[in-house]
There are 2 protein chains.
Amino acid sequence: MLTIGSLAKKTGTKVQTIRYYEQIGLMPEPGRTEGGQRRYENAELDRLSFIRHSRQLGFSLDAIRELLDLSDHPEKSCDEADAIARRQLRQVEQRMARLKALRTELKRMVHECSGGRTADCRVLEVLRDHSECLTEHDDIGA
Amino acid sequence: MLTIGSLAKKTGTKVQTIRYYEQIGLMPEPGRTEGGQRRYENAELDRLSFIRHSRQLGFSLDAIRELLDLSDHPEKSCDEADAIARRQLRQVEQRMARLKALRTELKRMVHECSGGRTADCRVLEVLRDHSECLTEHDDIGA
DNA sequence: TTACATCCTCTAGCTACTGTAGATTCAAGC
DNA sequence: GCTTGAATCTACAGTAGCTAGAGGATGTAA
């Protein structure tokens, strides 16, 4: 029987976050003491660990909802779980590619700036003039 | 004299986003027609381009506010602009490192999953058991 | 003049939390 | 049994950076 505070500590989660997960139906409503405080069992500890670990891997709460659902049905095919993970992997790879391009341009900006007045600042100049830019006119997304 | 719609098209911004930038004071209040519609000049086009380009490089709106301020004062030292860019570069590099770790673990999950019942699904198993995980108990951030 | 695209303001919604206020409960020490 | 202080409770507001929609006004071309 864990209080919400010790559950939080064990999983590296904030207390409010646990309550939030309950509110959106990701965590079940736990038992309560007579005074109305939440008390958790090991099953809930496992579930929360699953959620947190998935979040650390960047899965969205919606994806996690699906994964938990799959996890609750051991007889189902695991293709779906696999697909979700692959989708996530693709996303991570896309973001990495994007960040790589950003890094290149930022490095260029910083290295070329020799210090002095902002009038001659290479950083500001690059930001002003989009034409010398490698980055495209598309979504920003992290 | 540009309408908000053509300014939006020229800069790859949504109309609402431009109005949002105005609302938070990132864009100035433009002139209006008698009927109350916004009309923009080239200065505003330049400013919005600067903002969008900076956003594409991942700068926060707060950072952009500082950069714009520096850009408006050509006699100031450009150290500050340089510092902002360096900070941004560091952030990008941190995120990349983080994503690299994620990619490794996701790849492992996906490659080890041989298909079958979710009961034996490697993906779900890894998510359940945090102990075999490389990722740390820290912030998720992107 | 009439049609229709574009514009206006205002409000609410998105993700995934985080923080605060003010009241209540729990557990330990005396 | 009583007190104290930490932890908990609910409810609501706020974060970043937009995005979407309602319901109405304006601008422009035929």
Side-chain angles (χ1 to χ4, degrees), chain A residues 1-27 29-40 44 48 50-68 88 91 95 98 137-142, chain B residues 1-27 29-40 44 48 50-68 88 91 95 98 137-142:
Chain A
M1 287 300 232
L2 297 161
T3 65
I4 195 168
S6 45
L7 181 64
K9 217 167 265 173
K10 267 178 196 287
T11 56
T13 316
K14 301 232 161 143
V15 166
Q16 291 105 309
T17 305
I18 299 175
R19 289 198 279 249
Y20 169 70
Y21 287 161
E22 181 184 329
Q23 195 188 305
I24 61 168
L26 210 56
M27 286 291 285
E29 292 186 19
R32 299 264 186 161
T33 62
E34 287 198 8
Q37 298 195 353
R38 292 167 178 82
R39 287 300 122 96
Y40 294 93
E44 279 124 317
L48 184 55
F50 186 105
I51 294 172
R52 293 312 288 175
H53 190 193
S54 305
R55 283 297 295 136
Q56 276 160 19
L57 286 170
F59 289 97
S60 71
L61 293 183
D62 268 354
I64 295 172
R65 216 184 285 274
E66 290 184 72
L67 289 168
L68 279 167
Q88 179 63 19
Q91 248 186 50
R95 271 189 227 158
R98 169 102 188 119
H137 241 206
D138 55 17
D139 61 321
I140 290 161
Chain B
M1 287 301 232
L2 296 162
T3 63
I4 195 170
S6 46
L7 181 64
K9 218 168 264 172
K10 268 178 195 288
T11 55
T13 317
K14 301 232 161 145
V15 166
Q16 292 105 310
T17 305
I18 298 176
R19 287 198 280 248
Y20 169 71
Y21 288 162
E22 180 184 329
Q23 195 188 305
I24 62 168
L26 209 56
M27 285 292 285
E29 291 186 19
R32 301 264 186 161
T33 63
E34 288 198 6
Q37 297 195 353
R38 290 168 179 83
R39 288 298 122 97
Y40 293 92
E44 279 123 318
L48 184 54
F50 186 105
I51 295 172
R52 293 311 289 175
H53 190 192
S54 304
R55 285 295 296 137
Q56 276 160 20
L57 286 171
F59 288 98
S60 72
L61 293 182
D62 269 354
I64 294 172
R65 215 183 287 273
E66 288 184 73
L67 289 168
L68 280 167
Q88 179 63 19
Q91 249 185 49
R95 271 189 229 159
R98 168 103 188 119
H137 241 205
D138 55 17
D139 64 319
I140 290 161

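First the proteins, then the strands, lettered A, B, ... as listed; each starts at 1.
Summarising the geometry, the separation between CD1 on A/Ile18 and P on C/dC17 is reported as 12 Å, rounded to the nearest angstrom. Counting to the nearest Å, the P atom of C/dT15 and the CG atom of A/Leu26 are 13 Å from each other. Atom CZ in B/Arg32 sits about 13 Å away from atom C1' in D/dA25, given to the nearest Å. Separating the CZ atom of B/Arg52 from the P atom of D/dC18 is a distance of 5 Å, rounded to the nearest angstrom. Distance, B/Gln23 CD to D/dG17 C1': 12 Å, rounded to whole Å. Distance CE (B/Met1) to C1' (D/dT28): 17 Å, rounded to an integer number of Å. Residue A/Gln16 contributes atom CD, which lies 9 Å from atom P of C/dT20 at whole-angstrom precision. One atom, CG of A/Leu2, and another, C1' of C/dC26, lie 16 Å apart when rounded to the nearest Å.
Each of C/dT18, D/dC18, C/dA16 was ranked by its minimum atom distance to the side chain of A/Arg55; first place goes to C/dA16. Comparing D/dT19, D/dC9, C/dC17 against the side chain of B/Tyr20 picks out D/dT19 as the nearest. Listed nucleotides C/dT6, D/dG17, D/dT10 differ in distance to B/Leu61; the shortest reach to its side chain belongs to D/dG17. Nearest nucleotide to the A/Gln37 side chain, out of D/dT8, C/dC8, D/dT19: D/dT8.
Atoms CD and CD1, from B/Glu44 and B/Ile18 in turn, are 10.5 Å apart once rounded to the nearest 0.5 Å.
Between C/dC26 and A/Thr33, a contact under 4.0 Å exists linking OP1 or OP2 to a side-chain N or O. Between D/dG27 and B/Thr3, no contact under 4.0 Å exists linking OP1 or OP2 to a side-chain N or O.
Side chains of A/Glu66 and A/Phe59 form no contact here, defined as non-hydrogen atoms less than 4.5 Å apart.
Among the atoms of the strands shown, only primed sugar atoms or phosphate atoms (P, OP1, OP2) are found under 4.0 Å from some heavy atom of A/Arg38. At the heavy-atom level, A/Phe59 lies nowhere under 4.0 Å from the strands shown. Residue contacts shown for A/Ile4 are limited to sugar-phosphate atoms, with no base heavy atom under 4.0 Å away.
With DNA chain C read from its 5' end, the first of the two nearest nucleotides for A/Lys14 and A/Arg39 is the one closest to A/Lys14. When the nearest nucleotides of DNA chain C are assigned to A/Glu34 and A/Tyr21 by heavy-atom distance, the more 5′-ward of the two goes with A/Tyr21. Of the two residues contacting DNA chain D, namely A/Arg19 and B/Ser60, the nearest-nucleotide position lying further toward the 5' end is that of A/Arg19.
Checking each of A/Glu22, A/Met27, A/Glu29 against A/Arg38 for a side chain to side chain contact (heavy atoms under 4.5 Å, CB included) leaves exactly one that passes, namely A/Glu22.
With hydrogens and angles ignored, the 3.5 Å screen pairs a side-chain donor or acceptor of B/Gln88 with a backbone N or O of B/Gly58.
With 3.5 Å as the limit, one finds no donor-acceptor pair spanning the side chains of B/Gln23 and B/Arg19.
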